[in-house]
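In what follows, a single structure is set out as structure tokens and then discussed.
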Amino acid sequence: MSGARTGLPLLGGILLGLFISYSLFAPPDETPLVCPVARAPEFIDSSEFWTVNQEKTPQTPPADTKQGSQVARARFAATELGIRERILVLVWAETGRLAAALNGTLAKHVSRVVALADSVRLDVEMSLLPSLVPFKSNSLHAHTHILNAVFNYTLQENYDWFLIMKESTYINPFALQEMINKMSWSEKVILGVPDSSNPGRCVLDAGILLSNPTMQMLIQQRHVCNNMLAGSDEQGMEMCIHAATNVSCRTEHQGREYRFWRVSGTESPHEEIQRWSMETPSLNSSLSVGSILSTADASALHDHFIRVEVDKVEAEILKMEEEIEGMEEDLPDGPSWPIGTKPFAHAPNRYQVPVWEFFTATEIFKNEPNQNVRPITGSDKEDIDEIIESAKRKAEEEEGDRRVEFVRVSGGYRQFDAARGMDYMVDLVYRDVNNEETIERRIHLARIIERTTLVNTVPYVKEDADLTIVVPIAEEVEVLPGRRLLARQARLCTSPTEENRHTRVVVAVSARVEHKSLIFIQNDLEELKKRCKRSSLEASLLSVSSDNPSSLHAAEALDEAIDHFGPQSMFLLLSPYADIQKELLDRARINTIKKFQVFLPIPFIEYHPTISGMDLKDGEKPDDESTRQRALGTLKDAAPPQRTKGLMVQKEHGRFDPLDFSVVCIYGSDYMEVRPRLMNGKRIDVGSAFLNMPPGVHILRAIEPALRLRYHRRECDPDLEEDDLLRCTQSRRENLAAKDQLARLVFNKE
């Protein structure tokens, strides 16, 4: 009922509206509307002067719903290119007593040695062989398991030549390499010693050499050997190779002969090898020797064939020397000395003329800016002593039957050439025993670089390693330089080249520093964290309870930092007098390698500002007498220098000191290994602990322009180690000022 009451007024309104619209807007006449019949439109050609060219739209080919065939690529490029290793040696270890000895003599000269042995006969020595393939006999002949192992490991695909041998056969690796390098592997061939009862088969005692096509056929037809009857495993292998390949045994191929030396059962090679080589020279050209009974036989044969190869090389060298001497007139600079070596390098200009170092029996004059003569010690002494002894032997040999007596070494010279080696000239003085005549001889010697070796592979490192900067402050006088270093770090992290990697600054303060200074340092660290907030730099203050001097305090500061942040972090130990640039942090990160390398940069040490003229005021000149007198007065009063100029890496401002090891970058774990060395006596710095260490962690030293140390007074404790004390006094003396600056200060213009 509620819906009817709502719909009736609506329906009434619609009908009323239709009636009113029809009454007001009705058409004037009631004539029905008749639609005329539509006629076809008349076509009018308006393209009389137009030429229409209709181009066909290229049809898009239907999408190929089938998946395109993908090319199956080999795992290694060598497989695609058909590149194979040269030779594979298969050693059948029947008893397992000699397999290890043969592996030691052959493995260094051939591509690969694989030992195949019955698992029942394996011992501890054989089980350690790198390429051991054990098998279970299961009452089958050994050749069945050997060929199946070759097939299972796909060895027949990877080598050009295959040598099958017993462990009681010795193979001359030099003759083997010479033979296979001069023969083509593409033919089907089997080389060895034919059996007297069946010439088509090769004797396994002498070894059997197969080419790659022959081994491929042997593996494919190995099923022929499954039901083969043989008196022994050795005969079964010989029969299987001949039956499966249908290739007869040969002793010669492409002009190369397979030579075998047979040992009788009553002879032992390690006892008879010298007699055999003298009575029968053909032994020296043998490829295989069998049968041997012990490892001593294998070692003796290997040593003999090594001596044979050395004699061949020496004969070739003598022949080449004679040929070079015969061409002496045709060479523009004459023959080099020694013959066959690189000649002396010519200086590219007058600024790079090679320098000869003069030496005597006790002293050497090196080309150094601050030292003229040094005593001969260490490696220099070993080098010069050996050269003098060699020169004496050479001089006495040339005298022949003449009786002479050595008097002294007059002098000598040496020069290093990176492409040639070290050359020497030694002047010797002799006395004739018969007539007391003095004889002077000059001997030329050369220590030629025999070969160059590459450095072992360096571990890969990146420049995004976390770095902890440790600044030890041991005394009150080091507080102000340490605060300057913190201000320098604040400027580095707010520069446009912002340091985005994680860096941590740690200040280690000893108990001798006043409490007021601790508050200043803490405030500086808080300000540093605020300014370097975008760089995520951390800053912290560590307290070291001991009051040791600076040398030991640096080690204790590093100990405290490692305890707080872990031994796996990288630590850069800086002097509080350091003035660094951003490049130092980058080089410290990339040059410090865990368990491999420690970075000890060579810093630029500032001269005394008063002597070097860095505290000159406006209008003062370094050559004025008034300036000189003021400088002398300042030095006499021991007043701290007041520098007015910025520190720049120039020879007037300082020098690179190779004796300074105060700055070191190291991983905490590497530092813990050398920490006990710092406890054995007093050390001048932490870096000295890495000197004279046994081989292990490398030390990288390089001149670092981004590391500068401000001038400060150095004290050399007399209780230091002898080497450290000598290094400290020498460094303190040479870092005071340059020689010309000291001369200008001490002497007046007159």
Side-chain angles (χ1 to χ4, degrees), residues 84-92 94 106 110-114 116 141-151 154-173 175-226 228 230 232-262 285-291:
R84 293 187 291 265
E85 297 288 344
R86 198 62 180 152
I87 186 170
L88 170 67
V89 179
L90 300 171
V91 181
W92 174 32
E94 187 177 6
L106 269 177
V110 298
S111 304
R112 187 179 179 186
V113 177
V114 176
L116 303 106
H141 285 298
H143 66 266
T144 303
H145 301 286
I146 293 175
L147 297 180
N148 287 337
V150 173
F151 174 75
T154 63
L155 300 176
Q156 74 277 9
E157 304 287 347
N158 303 325
Y159 299 90
D160 293 337
W161 293 94
F162 299 84
L163 178 63
I164 303 175
M165 55 177 287
K166 296 171 60 177
E167 64 174 348
S168 59
T169 303
Y170 173 79
I171 297 296
N172 181 2
L176 178 63
Q177 287 290 346
E178 183 181 359
M179 186 174 189
I180 63 176
N181 289 336
K182 296 183 179 180
M183 292 192 309
S184 174
W185 55 266
S186 59
E187 300 181 21
K188 294 180 180 179
V189 62
I190 299 178
L191 293 175
V193 178
D195 191 355
S196 57
S197 60
N198 190 345
R201 300 203 306 252
C202 284
V203 178
L204 188 60
D205 280 339
I208 304 175
L209 186 62
L210 296 87
S211 62
N212 182 273
T214 310
M215 178 58 77
Q216 296 276 4
M217 181 180 295
L218 176 61
I219 297 301
Q220 293 173 4
Q221 302 295 329
R222 68 185 186 281
H223 61 275
V224 177
C225 310
N226 292 339
M228 189 173 293
S232 63
D233 291 339
E234 181 179 347
Q235 293 182 0
M237 176 65 76
E238 297 171 358
M239 295 170 58
C240 177
I241 294 175
H242 180 61
T245 60
N246 196 24
V247 179
S248 299
C249 181
R250 303 168 58 181
T251 58
E252 186 177 355
H253 179 64
Q254 296 181 356
R256 311 302 300 178
E257 183 179 358
Y258 193 101
R259 297 180 179 178
F260 171 63
W261 178 272
R262 188 182 299 276
S285 59
S286 299
L287 190 146
S288 62
V289 179
S291 297

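- The backbone N or O of Val189 lies less than 3.5 Å from a partner atom in the side chain of Thr214, making a donor-acceptor pair.
- Considering only heavy atoms from C-beta on, Leu191 stays 4.5 Å or farther from Arg256 through its side chain.
- Of the possible donor and acceptor atoms, one in the side chain of Gln216 sits under 3.5 Å from a partner among the backbone N and O of Gln156.
- Val110 has its side chain out of reach of Arg86: every pair of non-hydrogen atoms, C-beta onward, lies at least 4.5 Å apart.
- For the pair Arg112 and Tyr159, the cation-pi test (distance below 6.0 Å, angle within 45°) is failed.
- Note that CG of Leu218 and CZ of Phe151 are 12.5 Å apart. Values are rounded to the nearest 0.5 Å.
- Between Ser186 and Pro213, the shortest heavy-atom distance links the atoms O-CG, 3.5 Å.
- The backbone N or O of Gly200 lies less than 3.5 Å from no partner atom in the side chain of Asp195, so there is not a single donor-acceptor pair.
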Criterion side chain to side chain contact (heavy atoms under 4.5 Å, CB included) on Leu209 and Ile87, from CA distance to verdict
CA-CA 10 Å; Leu209 186 62; Ile87 186 170; 4.2 Å; yes

For Phe260 and Val203, run side chain to side chain contact (heavy atoms under 4.5 Å, CB included): C-alpha distance rounded to whole Å, both residues' side-chain angles, the deciding distance at 0.1 Å, then the answer.
CA-CA 11 Å; Phe260 171 63; Val203 178; over 6 Å; no

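- Between Thr251 and Gly192 the shortest heavy-atom distance is CG2-O, 3.2 Å.
- Proximity of Met217 to Met215: side-chain heavy atoms (C-beta onward) are nowhere separated by under 4.5 Å.
- The disulfide bond (SG atoms under 2.5 Å apart) contacts involving residues 175-204 comprise Cys202-Cys249, where partners must be two or more places apart or lie in separate chains.
- A distance-only check finds a donor-acceptor pair linking the side chain of Ser288 to the backbone of Ala206 [under 3.5 Å].
- Heavy-atom contacts from other residues, nucleotides or ligands closer than 6.0 Å to CG of Asn148 number more than 12.
- Rounded to the nearest 0.5 angstrom, Arg201 CZ and Cys240 SG are separated by 11.5 Å.
- To the nearest 0.5 angstrom, His143 atom NE2 is 11.5 Å from Arg222 atom CZ.
- Ion pair Lys166/Glu234 flagged as a salt bridge, since at least one NZ, NE, NH1 or NH2 atom sits closer than 4.0 Å to an Asp/Glu carboxylate oxygen.
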Side chain to side chain contact (heavy atoms under 4.5 Å, CB included) between Glu85 and Asn158: does it pass, once the steps are laid out?
CA-CA 6 Å; Glu85 297 288 344; Asn158 303 325; 5.7 Å; no

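- Atom-to-atom distance recorded for Asn212:CG and Arg84:CZ is 4.0 Å, nearest 0.5 angstrom.
- Side chains of Ile171 and Val89 form no contact here, defined as non-hydrogen atoms less than 4.5 Å apart.
- Judged by distance alone, with hydrogens and angles left aside, the side-chain atoms of Ser211 form a donor-acceptor pair with the main-chain N or O of Glu187 at under 3.5 Å.
- Within the 3.5 Å criterion, the main-chain N or O of Gly207 finds a donor-acceptor partner in the side chain of Tyr258.
- Glu252 and Arg250 make their closest contact through O-NH2, 3.4 Å (heavy atoms, listed as atom of the first residue, atom of the second, distance).
- Note that CD1 of Ile241 and CG of Leu204 are 7.0 Å apart. Values are rounded to the nearest 0.5 Å.
- Atom SG of Cys225 sits about 6.5 Å away from atom CG of Leu147, to the nearest 0.5 Å.
- Side-chain contact between Val114 and Val150 is absent, with no heavy atoms from C-beta onward closer than 4.5 Å.
- Side-chain atoms of Asn198 and Gln235, non-hydrogen and from C-beta on, never get closer than 4.5 Å to each other.
- Between Leu106 and Pro173 the shortest heavy-atom distance is CD2-CB, 4.0 Å.
- Between Ile180 and Asp160 the shortest side-chain heavy-atom distance does not fall below 4.5 Å.
- Looking at Asn172 and Val289, their side chains never come closer than 4.5 Å, going by heavy atoms from C-beta outward.
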